[in-house]
K.L.:
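My questions all concern the structure below.
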Amino acid sequence: MPAHPKAFQRIADQLATTTDPDRRNELLDQWLDYRDQATEWDAERWGFDPDRWCEIERAAMQRRAEGAR
C-alpha cells in the first residue's frame with residue numbers, strides 16, 4: 001500500500017521546481033519507495049501499533065542474538 005497522498009504531493013511539488021538532475025533522480029527514487037514499501041502510516045491504517053509491531057518476532061530474534069554471544 002502506498003504512503004499518504006500528502007507525501008506524494010510533496011514530492012510532486014519538489015519535482016516541479018527542481019532543475020537538478022541528481023535531485024530529480026533522488027525524488028523519483030523516493031516516489032517509488034513510497035509507492036512500493038509500507039510506511040508507519042500504512043501500519044496505523046492496518047491496525048498495527050508501531051511500538052508493538054512484530055514484538056514477538058523481535059523478542060525471539062533478541063533472545064537468539066543474546067544466545068549467540
Side-chain angles (χ1 to χ4, degrees):
M1 172 175 280
H4 193 283
K6 288 182 180 180
F8 288 106
Q9 186 59 54
R10 181 186 55 79
I11 294 172
D13 293 344
Q14 291 180 10
L15 279 168
T17 60
T18 189
T19 58
D20 178 17
D22 291 332
R23 179 64 180 144
R24 185 171 289 127
N25 283 337
E26 290 173 10
L27 291 167
L28 291 171
D29 287 344
Q30 192 174 38
W31 183 288
L32 293 176
D33 285 345
Y34 283 6
R35 185 194 70 186
D36 296 341
Q37 298 180 20
T39 64
E40 287 186 14
W41 180 75
D42 299 316
E44 184 177 317
R45 290 182 66 208
W46 295 333
F48 293 110
D49 178 348
D51 294 328
R52 300 191 67 209
W53 188 78
C54 285
E55 184 176 43
I56 295 169
E57 292 84 353
R58 288 192 312 241
M61 287 189 296
Q62 183 65 33
R63 285 192 301 274
R64 286 194 302 269
E66 289 171 356
R69 294 181 190 168

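Every value quoted in this text rests on a predicted model; they were computed, and no experiment measured them.
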K.L.:
Will you find, in the side chains of Glu66 and Gln62, an N or O donor that is under 3.5 Å from an N or O acceptor?
P.N.:
yes

K.L.:
So, using salt bridge (charged side-chain N to carboxylate O under 4.0 Å, His left out) as the criterion, who are the partners of Glu55 when residues are at least two apart?
P.N.:
Arg52

K.L.:
Under 3.5 Å, which donor-acceptor pairs link side chains of residues 5-16 to any protein atom two or more places apart or in another chain?
P.N.:
unit_1, atom_1, unit_2, atom_2, d
Gln9, NE2, Asp13, OD1, 2.7
Arg10, NH2, Tyr34, OH, 3.2
Gln14, OE1, Arg23, NH2, 2.7

K.L.:
Tell me the ring pair (Phe, Tyr, Trp, His ring centres under 6.0 Å) pairs involving residues 9-29, sequence neighbours left out?
P.N.:
none

K.L.:
What distance separates Asn25 CG from Gln30 CD, expressed to the nearest 0.5 Å?
P.N.:
12.5 Å

K.L.:
Considering residues, nucleotides and ligands other than Leu32, do more than 12 of their heavy atoms fall under 6.0 Å from its CG?
P.N.:
yes

